[in-house]
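FYI, side chains are in, hydrogens and waters are out, and symmetry mates aren't considered; it's all heavy atoms of this structure.
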Amino acid sequence: MKEKLKRILKRKAEIRAKLDAQIQGTIELTEEEIKALQGELTDLNAEEEAVLDEEEKEEERNKAAALEKTMKTRSIAKPEEENEPEKRNLTVEEKKKRGKELKEKRAITVGNSQIAVPKYTAKGVKDTFNEVSTLIDLVTITPLEGGETYERGYVISYGEGGETDENGNYKDVETQYGYAEISKQKITAYQEEPEEITRLADNEYHDKTVNGTSIAVKKKMSKDILVGPGTKGRLQGIFTNPEKFAINKNTDIEISSIDNSTLNKIIFGYGGEEDVANDACLILNKNDLQGFADVKTADGKNFYDIELNGNTGKINKIPFVLNSAAKSLLNPATKDGDYCMAYGSLSNYEVALFSSLEIKQSDDYKFKEGQIAHRGSVFAGGNVVAHNGFVRVKKGADVAQNNLGEV
């Protein structure tokens, strides 16, 4: 078992050396390589914990056996009354003191155990629930290292042909174009940890801190895809996309509640007049997903067939992704006119990466205080890059609805 532990510790040291080298800039690792190393590190931490737990259990078994042997020896060596504090003779002063304490209803000590109870700290760090929508991983990502701004052209509409006029002239047609501008935004995250974390505590605490800096950056970007204000240096969100850009507000859908016709309204409200999109995805709040799950048929069965896979899944075979930046249609605090859902091809939103995600660590800034600083940053921008690339669902005025969710 000791050999196995040595092997685990050696591999963990190798991985940390690579990640530290990446932070210091002496080597370059791709995001996939970093994820793979962090995943392996997590597995090794779990494996180490299992080995150490087994060693602790073995040590406890040995201690228990030794203690039992010692107690048996003491029981044989000493008279029974000497092992029981209550049965030994008390002095007059001791009896008076004990009687006084009992009258005052105070707790008294009648004996002391010779058994020392050790204190244990569990190995590893239990993670929290997922806080990053996978929306950031599903949209179009375009690397543009060193760039400042980026424009993506898109077609608004095509003309329609016709017959020649009386002079034999061809029918005039026009293909209309629009342009989505993506500007550079600096997204940052900063946190500190005491040096004791790396020197004394389980190394997984340090790993979670480093990884948490990366998660914080992705968390911000994933929310801004929906609600980014589009001001200088900010992503342009789907919900905040002004009419002068890609999405025409006249295509917005108003829904007051979730019933058995809601999904069809959204699906058929998206796209052009000649087809129904087959690669679209619904972006919504978890509370509204429950609203779809609560819709029943007349005989009490679930109306919507929902497949769950963490942050993503399907409603009646239609893909969905959860994002907490989307307000809940069913939340009474959500106002009429607030955007709650979006439906469209996720490739219609583009994130331009003007730099790679950089995570740096420094012992210098708060050297005197013994704090290790972690900072992460990425230069990126984002915008809807297709004409009416998403249909947006906003909360409408309340209407009557029966218990089955039927119109």
> Judged by atom type as modelled, is there a donor-acceptor pair below 3.5 Å linking the side chain of N316 to the main-chain atoms of D305?
yes
> Looking only at non-hydrogen atoms, find the nearest pair between T140 and S347 and report the distance.
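Distance-wise, the nearest heavy atoms are OG1-O, 3.0 Å.
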> Would a 4.5 Å heavy-atom cut-off, applied to side chains only, mark Q236 and P242 as touching?
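Sidechains of P242 and Q236: in contact.
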> Can you find a heavy atom in the side chain of I253 that is under 4.5 Å from one in the side chain of Y343?
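No. Closest side-chain heavy atoms not under 4.5 Å.
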> Begin from the C-alpha positions of N388 and N348 and carry the test side chain to side chain donor-acceptor pair (under 3.5 Å) through to its verdict.
CA-CA 9 Å; N388 291 332; N348 290 339; over 6 Å; no
> Less than 4.5 Å apart, any side-chain heavy atom of L346 and any of I283?
yes
> Give the minimum heavy-atom separation between V155 and H387, together with the two atoms involved.
O-CB, 3.4 Å
> With side chain to side chain contact (heavy atoms under 4.5 Å, CB included) as the test, would you mind laying out the steps for V393 and L282 before giving the verdict?
CA-CA 10 Å; V393 178; L282 181 65; 5.6 Å; no
> How long is the straight-line distance from CD1 of I306 back to CD1 of I318, given to the nearest 0.5 Å?
12.5 Å
> Is there side-chain contact between I225 and N323, with heavy atoms separated by less than 4.5 Å?
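A side-chain contact is absent here, since even the closest heavy-atom pair is not under 4.5 Å.
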> On a heavy-atom basis, which atom in L135 and which in S222 lie closest, and how many Å separate them?
CB-OG, 3.8 Å
> Is there a side chain to side chain contact (heavy atoms under 4.5 Å, CB included) between K218 and D137? Walk through the geometry before answering.
CA-CA 9 Å; K218 291 185 68 177; D137 300 313; 3.3 Å; yes
> Kindly write out the residues that satisfy salt bridge (Lys or Arg N to Asp or Glu O under 4.0 Å) with D252, not counting sequence neighbours, or none if the list is empty.
R392
> Is the shortest side-chain N to carboxylate O distance from K317 to E307 below 4.0 Å?
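Looking at K317 and E307, the cut-off is met.
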> Looking only at heavy atoms, what is the nearest atom pair of F354 and I182, with distance?
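Of all heavy-atom pairs spanning F354 and I182, the closest is CZ-O, 4.0 Å.
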> Of all the heavy-atom pairs spanning S328 and T334, show the shortest one and how long it is.
O-OG1, 2.6 Å
> Let me know which of N241, V385, I238 forms a side-chain contact (heavy atoms from CB on, under 4.5 Å) with Y349.
I238
> Got a sec: does the CD of E160 have more than 12 other heavy atoms crowding it under 6.0 Å?
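Result for CD/E160: open.
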> Hey, are the side chains of M221 and V378 touching, using non-hydrogen atoms and a 4.5 Å cut-off?
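They are in contact (side-chain heavy atoms under 4.5 Å apart), so the answer is yes.
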> Kindly give the heavy-atom pair with the smallest separation between A326 and C340, and that separation in Å.
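Shortest heavy-atom separation between A326 and C340 comes out as CB-O, 3.2 Å.
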> Would you mind reporting whether P229 and T240 have side-chain heavy atoms less than 4.5 Å apart?
no
> Once rounded to the nearest 0.5 Å, what's the spacing between atom OG1 of T262 and atom CD1 of I267?
11.0 Å
> Which residues pass the side-chain hydrogen bond (donor to acceptor under 3.5 Å, both in side chains) test with E47, not counting sequence neighbours?
R7
> Please step through side chain to side chain donor-acceptor pair (under 3.5 Å) for the pair S261 and N264, ending with a clear verdict.
CA-CA 5 Å; S261 65; N264 283 344; over 6 Å; no
> Quick one: pull up OG in S355 and NZ in K184 and give me the separation to the nearest 0.5 Å.
8.0 Å
> Using a 4.5 Å cut-off on heavy atoms from C-beta on, say whether the side chain of L284 contacts that of L322.
yes
> Is a side-chain N or O of D165 found less than 3.5 angstrom from the main chain of G168, in a donor-acceptor match?
yes
> Could you give me the CA-CA distance, side-chain angles and deciding distance for K223 and S324, then say whether side chain to side chain contact (heavy atoms under 4.5 Å, CB included) is met?
CA-CA 7 Å; K223 288 187 175 182; S324 61; 3.3 Å; yes
> Which residue pairs pass the ring pair (Phe, Tyr, Trp, His ring centres under 6.0 Å) test when at least one of the two sits in residues 302-341, sequence neighbours left out?
F239-Y339, F292-Y304
> For the CZ atom on R375, are there more than 12 heavy atoms of other groups (residues, nucleotides or ligands in this structure) within a distance under 6.0 Å?
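For R375, atom CZ is not crowded (no more than 12 foreign heavy atoms under 6.0 Å).
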> Can you measure from OG1 (T164) to CG (N169) and round to the nearest 0.5 angstrom?
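If I round to the nearest 0.5 Å, the distance is 8.0 Å.
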> Taking side chain as C-beta onward, heavy atoms only, is I258 less than 4.5 Å from M341?
yes
> If I take atom CG from residue L235 and atom OG from residue S183, how far apart are they, to the nearest 0.5 angstrom?
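Atom-to-atom, L235:CG and S183:OG are 10.0 Å apart.
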> To the nearest 0.5 Å, what is the distance between CG (L330) and CG (N285)?
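So the gap between those two atoms works out to 9.0 Å.
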